[in-house]
There are 2 protein chains.
Amino acid sequence: MAEEPRSNRRPSMSDVARLAGVSQTTVSFILNDTPGNSIPHETRERVLAAIRELDYRPNVSARNLRTQSTNLIGYGFDDPGGVVSHPVLDQFLYSAILSLEEAGYHLLTFVAGQRTDTAVYEELHRRGQVSGYLVANTNDNDPRIACLLANNIPFASFGRANDEWAFAWADVDGISGMTQVVAHLAARGHRRIGLITWPEGSKAGSHREEGYAEGLRAAGIAPDPAWLFRGENSVQTGAAGLSHLLTLPDEQRPTAVACVSDLIAVGVLNAAAAAGLAVGRELAVTGYDDSALAQFLHPPLTSVRQPIAAIGRHLVAALLAQIRHDPIPVQGVLLEPELIARASSGELGIRN
Amino acid sequence: MAEEPRSNRRPSMSDVARLAGVSQTTVSFILNDTPGNSIPHETRERVLAAIRELDYRPNVSARNLRTQSTNLIGYGFDDPGGVVSHPVLDQFLYSAILSLEEAGYHLLTFVAGQRTDTAVYEELHRRGQVSGYLVANTNDNDPRIACLLANNIPFASFGRANDEWAFAWADVDGISGMTQVVAHLAARGHRRIGLITWPEGSKAGSHREEGYAEGLRAAGIAPDPAWLFRGENSVQTGAAGLSHLLTLPDEQRPTAVACVSDLIAVGVLNAAAAAGLAVGRELAVTGYDDSALAQFLHPPLTSVRQPIAAIGRHLVAALLAQIRHDPIPVQGVLLEPELIARASSGELGIRN
DNA sequence: TGGTATTAGTAATTCGTATTAGCAGTGTAA
DNA sequence: TTACACTGCTAATACGAATTACTAATACCA
């Protein structure tokens, strides 16, 4: 029997070569524009025609094996699964995926289980499944970052960790964001400003708290510990926080409440409505993240918009540079957020 | 020069074999428990010890190339990127990832661009990057499903499409869900029940509308077209919907409003508060999805809980069966949702 | 005229694993 | 005693592409 091109198999480079009457090497040269090889136009056309005819596609596994590389980047979910869906992370991932795809990479998502369980990060890399990682939601002494650094695995992180660790990160300046919020509120005449924030121990939280303190200082306001309320990132926390603040005596009770997330602010808005308080007139409320909700709430929520898409693009660039061993210094970058003023912090166009 | 085990390379099976004094074949047999081969305990131990000593990990690309397989499943985001974050999908993905990982698979996420652009689906599969797909958010004539069926690519979908297409899907019975809602409202004495739903053309939407109609019929209520309001899935739509319903004359104005999503219900809750309506007492409101928000809203939101994690597990099982060519019939399965009654549809424990 | 470059390729090897075919030695049933 | 099966392995090959090393033919220059 003659050698039939096994037709139930996807065509390989050799099939293309046979059809075009050249060697497999030549096909490879053409497909990769391998430098140092001259292929006349006519031959190239013949090969390209064969590729089109067979509808050939290169095999990813073969290429990865040969080049000892990977076209995958890992991303670990540590969230216990959509219990709280995280718009900011969703947006970050989306922009990261887009940037990765432009460079021919894809994102492999996995569940990281316990935050402290870094085995998966080592494992996926050692098996040659991923070339590096994107990490989000970082903290001081973050075990994932410690692990990646120790194993010399390329990564880039959305968020900082210990200052003495040198790695590629990008972050939004939470200090600046919250300072802007307080300045905005102070400019509208508020002198007693509450803050509803997360439990202690989160890097992002402490930055925003620092910005709050800085804002008060800049406005010449003496901070009052009673203005601070802490809770998990939930609507409930916002409601509980407002209840707490409303129990304070008149002369101590805040006229404005800043929240470290829109989700918490939604709780404040709800509770204010339930208490018969007119938000924007009797009470100013601000959120953080400028999520899709914010502009459609009643009243529309003043919030802080973070350049999330830019973070995604930046981190992907930094990560791929490491993987390619580009001589680009591994370093962090801090981006500025932008205050989006809406009615919840006082009617637009009206200064009191 | 003697042959040094090149130390800056990750150890391969041959390195293990050399250290254990056996052939690479034997190591492979041991690692894969290849049937039909007898390896005495002592040899096995020796090889396992070598594996431990070298901290060997098999190379994914090599294995995939040799076995002509893949340990990846694709999932395409069609959402334009976190503009609206989708808690149900997040939850679905999380449970799917967990199930996949149990079976040694991982999830590759990509951006599908236009819903009609199915090229990526073909491409990733033909390049041998993924073994199949999980598809969500389906619709009638869904081009993605048409493409996957036409190319005979394994997949499983969260949601149905054309009834005449045979493929593996799992879905939650939206008809049942909304029927339960209306029955619940009718049982509390409501005779005029509004529905705020999505624009026409979505499969999920029309099921829920059908359930609404069915619920009215079962309660002996004549439907009124004026009770129906349509809009995108947003808080804004809820607010606009309630405004519309409140413009109706007294004898036509609904005393209860069912929404096809919690997000929309949040808008209704906000608008009701703004209008001075006491939700739960003067107006009943229900959501759908039982998202994390629901129980913390004011008042807590009656909603419909869908067995999302079960869907994820089921679809992964169905998909992997196809990939393994298990003789399991390719078919769909419809799961029952559960009504979670809370205060927004009338004070708990009180029947009027 | 010889020597070197350039052009247009090809053959052979490699990446790391899975798998097929087979071999030497022992036991065992006919 | 032969045939056969089983044990405990190994050698060789294939998967599909990238890469290195090479060749044959022509061109160019002195």
Side-chain angles (χ1 to χ4, degrees), chain A residues 3 5-6 8-47 50-51 54-71 104 125-129 131, chain B residues 3 5-6 8-47 50-51 54-71 104 125-129 131:
Chain A
E3 273 205 43
R6 291 147 290 179
N8 56 347
R9 194 178 42 87
R10 290 201 284 268
S12 72
M13 257 177 65
S14 305
D15 296 322
V16 171
R18 201 172 310 131
L19 181 60
V22 298
S23 72
Q24 176 254 324
T25 308
T26 302
V27 180
S28 173
F29 285 164
I30 290 174
L31 276 178
N32 300 319
D33 275 327
T34 311
N37 289 93
S38 47
I39 284 126
H41 190 259
E42 197 245 333
T43 306
R44 176 184 303 270
E45 283 308 316
R46 197 149 33 89
V47 169
I51 287 176
L54 295 178
D55 206 7
Y56 165 78
R57 293 293 187 292
N59 179 290
V60 172
S61 296
R63 171 176 293 181
N64 285 344
L65 172 60
R66 179 61 239 242
T67 60
Q68 296 288 76
S69 68
T70 280
N71 66 148
H125 183 255
R126 308 204 34 201
R127 290 177 172 248
Q129 177 101 65
S131 295
Chain B
E3 274 203 42
R6 291 147 290 178
N8 56 345
R9 192 178 43 88
R10 289 201 285 267
S12 72
M13 257 176 62
S14 306
D15 296 322
V16 172
R18 202 172 309 131
L19 181 60
V22 298
S23 72
Q24 176 255 323
T25 308
T26 302
V27 179
S28 173
F29 285 164
I30 289 174
L31 276 177
N32 299 320
D33 275 326
T34 310
N37 288 95
S38 47
I39 284 124
H41 190 257
E42 197 244 334
T43 307
R44 177 185 303 270
E45 283 308 316
R46 197 152 31 91
V47 169
I51 288 176
L54 296 178
D55 206 7
Y56 165 79
R57 293 293 186 294
N59 179 290
V60 172
S61 296
R63 171 176 295 181
N64 285 345
L65 172 60
R66 179 60 239 240
T67 60
Q68 297 288 77
S69 67
T70 278
N71 67 148
H125 184 254
R126 309 204 34 201
R127 291 177 169 245
Q129 177 101 66
S131 295

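Heavy-atom basis, side chains included; hydrogens, waters and symmetry copies ignored. Throughout, a chain's letter reflects where its sequence line sits, starting with A, and its residues are numbered from 1.
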Between the main-chain N or O of A/Arg126 and the side-chain N or O of B/Arg10, is there a donor-acceptor pair closer than 3.5 Å?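 Looks like yes, one N/O pair under 3.5 Å.
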Please check this pair: side chain of A/Ser131 against backbone of A/Thr70, looking for a donor-acceptor N/O pair closer than 3.5 Å.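 Yes, because the side chain of A/Ser131 sits within donor-acceptor range (under 3.5 Å) of the backbone of A/Thr70.
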Contact class for [X] vs. all strands (heavy atom < 4.0 Å): base, sugar-phosphate, or nothing?
X: A/Ser61; answer: nothing
X: B/Asn32; answer: sugar-phosphate
X: B/Thr67; answer: sugar-phosphate
X: B/Arg127; answer: nothing
X: B/Val22; answer: sugar-phosphate
X: B/Ile39; answer: nothing

Give the minimum heavy-atom separation between B/Val60 and B/Asn71, together with the two atoms involved.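 So the two residues come closest at CG1-ND2, 3.9 Å.
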Quick check: closest heavy atoms across B/Ala50 and B/Ala20, and the distance to 0.1 Å? CB-CB, 3.9 Å
Does [X] put a side-chain nitrogen or oxygen below 4.0 Å from OP1 or OP2 of [N]?
X: B/Thr43; N: D/dC9; value: yes
X: B/Ser28; N: C/dA18; value: yes
X: A/Ser23; N: C/dT10; value: yes
X: A/Gln68; N: C/dG16; value: yes

Starting the side chain at C-beta, find the nucleotide from D/dA17, C/dA8, C/dT17 nearest to A/Ser38.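 For the A/Ser38 side chain, the nearest candidate turns out to be C/dA8.
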If you check the B/Met13 side chain, which of C/dA18, C/dG16, D/dC9 turns out closest? C/dA18
Measuring from B/Arg63:CZ to A/Leu65:CG, what's the distance to the nearest 0.5 Å? 13.0 Å
What distance separates B/Asn59 CG from A/Gln129 CD, expressed to the nearest 0.5 Å? 9.5 Å
Can you check whether any acceptor in the base of [N] is under 3.5 Å from a donor in the side chain of [X], or vice versa?
X: A/Arg63; N: D/dA17; value: no
X: A/Thr34; N: D/dA18; value: no
X: B/Ser14; N: C/dT17; value: no
X: B/Gln24; N: C/dA18; value: yes
X: B/Thr25; N: C/dT19; value: yes
X: A/Thr26; N: C/dA8; value: no
X: A/Arg66; N: D/dA18; value: yes

Rounded to whole Å, how long is the line connecting atom [atom1] of [X] with atom [atom2] of [N]?
X: A/Gln129; N: C/dG16; atom1: CD; atom2: P; value: 16 Å
X: B/Leu31; N: C/dA18; atom1: CG; atom2: P; value: 7 Å
X: A/Arg18; N: C/dA11; atom1: CZ; atom2: P; value: 13 Å
X: B/Ile51; N: C/dT17; atom1: CD1; atom2: P; value: 10 Å
X: A/Asn59; N: D/dA14; atom1: CG; atom2: P; value: 17 Å
X: B/Asn37; N: C/dA21; atom1: CG; atom2: C1'; value: 12 Å
X: B/Arg46; N: D/dG8; atom1: CZ; atom2: P; value: 13 Å
X: B/Arg10; N: C/dT17; atom1: CZ; atom2: P; value: 10 Å

Most 5' of B/Gly36 and B/Ala62 on DNA chain D, judged by nearest nucleotide: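 The answer here is B/Gly36.
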Side-chain contact, heavy-atom cut-off 4.5 Å: B/Leu31 with B/Tyr56? yes
